[in-house]
Amino acid sequence: MVTKQFTGSLDEADVRRADTLAREIFSDVANKWALLIIEALGEGMLRFGELRDEIEGISHKMLTQNLRMLERNGLVERTVHPVVPPRVEYTLTEPGQALRVTIDGLCDWTHRYLGHIEASRHNFDD
């Protein structure tokens, strides 16, 4: 995987440009599984199985892929405890906690406008 490098210019931070690191990061975290993982980890440290139980419908593969991506982007920290069997725990980093604030806002918006969206979909589909 080729990763774009951030040189500090505003152009590199413009999510509207296809060739920027900002767009790559935005693409990584703006998916339903990543958002749900961050929301679930906002309550504290969770083990893999606990996290999977928190997020209805996520497969083992999707959870693994998204946790790796979030760890790569510095949003999730993975801690492996040297015990048998291995115990692995996940928690949000400071940037992950900051992103959770935004995700909480999105969740609040969804709850606030759910009825409106449902009515609009019903009218559109008729």
Side-chain angles (χ1 to χ4, degrees):
M1 170 187 286
V2 175
T3 299
K4 293 148 185 77
Q5 297 297 313
F6 181 65
T7 59
S9 73
L10 292 178
D11 288 340
E12 284 298 303
D14 187 353
V15 296
R16 295 170 293 174
R17 288 191 42 197
D19 63 342
T20 65
L21 177 59
R23 171 76 71 92
E24 184 179 316
I25 295 165
F26 188 77
S27 177
D28 281 350
V29 299
N31 76 69
K32 69 179 177 181
W33 298 126
L35 296 174
L36 292 170
I37 290 166
I38 292 167
E39 182 64 20
L41 286 174
E43 298 302 318
M45 190 174 290
L46 292 173
R47 294 177 67 180
F48 187 91
E50 294 169 330
L51 195 49
R52 191 180 58 226
D53 291 344
E54 286 286 320
I55 304 170
E56 187 175 322
I58 194 167
S59 69
H60 187 280
K61 178 181 176 182
M62 288 308 298
L63 181 54
T64 299
Q65 287 176 348
N66 277 274
L67 282 169
R68 286 180 182 164
M69 174 273 298
L70 291 168
E71 185 180 6
R72 179 175 183 259
N73 283 312
L75 302 173
V76 167
E77 183 177 331
R78 179 177 182 261
T79 303
V80 180
H81 298 277
V83 295
V84 177
R87 190 175 90 225
V88 181
E89 297 174 325
Y90 298 90
T91 189
L92 292 178
T93 61
E94 188 275 324
Q97 288 286 356
L99 181 56
R100 182 175 183 247
V101 173
T102 300
I103 293 168
D104 284 346
L106 182 59
C107 291
D108 292 344
W109 174 88
T110 303
H111 287 114
R112 182 175 181 182
Y113 292 104
L114 192 61
H116 172 82
I117 293 167
E118 185 178 42
S120 293
R121 286 180 171 194
H122 178 73
N123 291 335
F124 185 87
D125 292 341
D126 282 347

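Pairs of residues two or more places apart, or lying in two chains, that qualify as side-chain hydrogen bond (donor to acceptor under 3.5 Å, both in side chains) and include a residue from residues 110-126 are H122-D126. Residue pairs meeting the side-chain hydrogen bond (donor to acceptor under 3.5 Å, both in side chains) criterion with at least one member in residues 36-49, sequence neighbours excluded: E43-R100.
Rounding to the nearest 0.5 angstrom, the gap separating the CD1 atom in I58 from the CG atom in L67 is 7.5 Å. Residue L51 holds its CG atom at 5.0 Å from CG of L63, rounded to the nearest 0.5 Å. Annotation: the span from T91 atom OG1 to L41 atom CG amounts to 6.5 Å, rounded to 0.5 Å. In this structure, CG in L99 is found 10.0 Å from CD in Q97, a value given to the nearest 0.5 Å.
In terms of hydrophobic clustering, with Ile, Leu, Val, Met, Phe, Trp and Tyr side chains grouped at heavy-atom distances under 4.5 Å, I25 and L92 are assigned to different clusters. The same ILVMFWY cluster, assembled from side-chain heavy atoms under 4.5 Å apart, contains both V80 and L75. Residues F48 and M45 do not share a hydrophobic cluster, clusters being chains of Ile/Leu/Val/Met/Phe/Trp/Tyr side chains in contact below 4.5 Å. The cluster map of Ile, Leu, Val, Met, Phe, Trp and Tyr, joined by side-chain heavy atoms under 4.5 Å apart, puts F124 and I117 in different clusters.
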Show which side-chain atoms of residues 26-38 pair as donor or acceptor with protein atoms under 3.5 Å away, not counting sequence neighbours.
from: D28; atom 1: OD2; to: N73; atom 2: ND2; distance (Å): 2.9
from: N31; atom 1: OD1; to: W33; atom 2: N; distance (Å): 2.9
from: N31; atom 1: OD1; to: A34; atom 2: N; distance (Å): 2.8
from: N31; atom 1: ND2; to: D28; atom 2: O; distance (Å): 2.9
from: N31; atom 1: ND2; to: N66; atom 2: OD1; distance (Å): 3.3

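Nearest heavy atoms, L46 versus A40: CD1-O, 3.8 Å.
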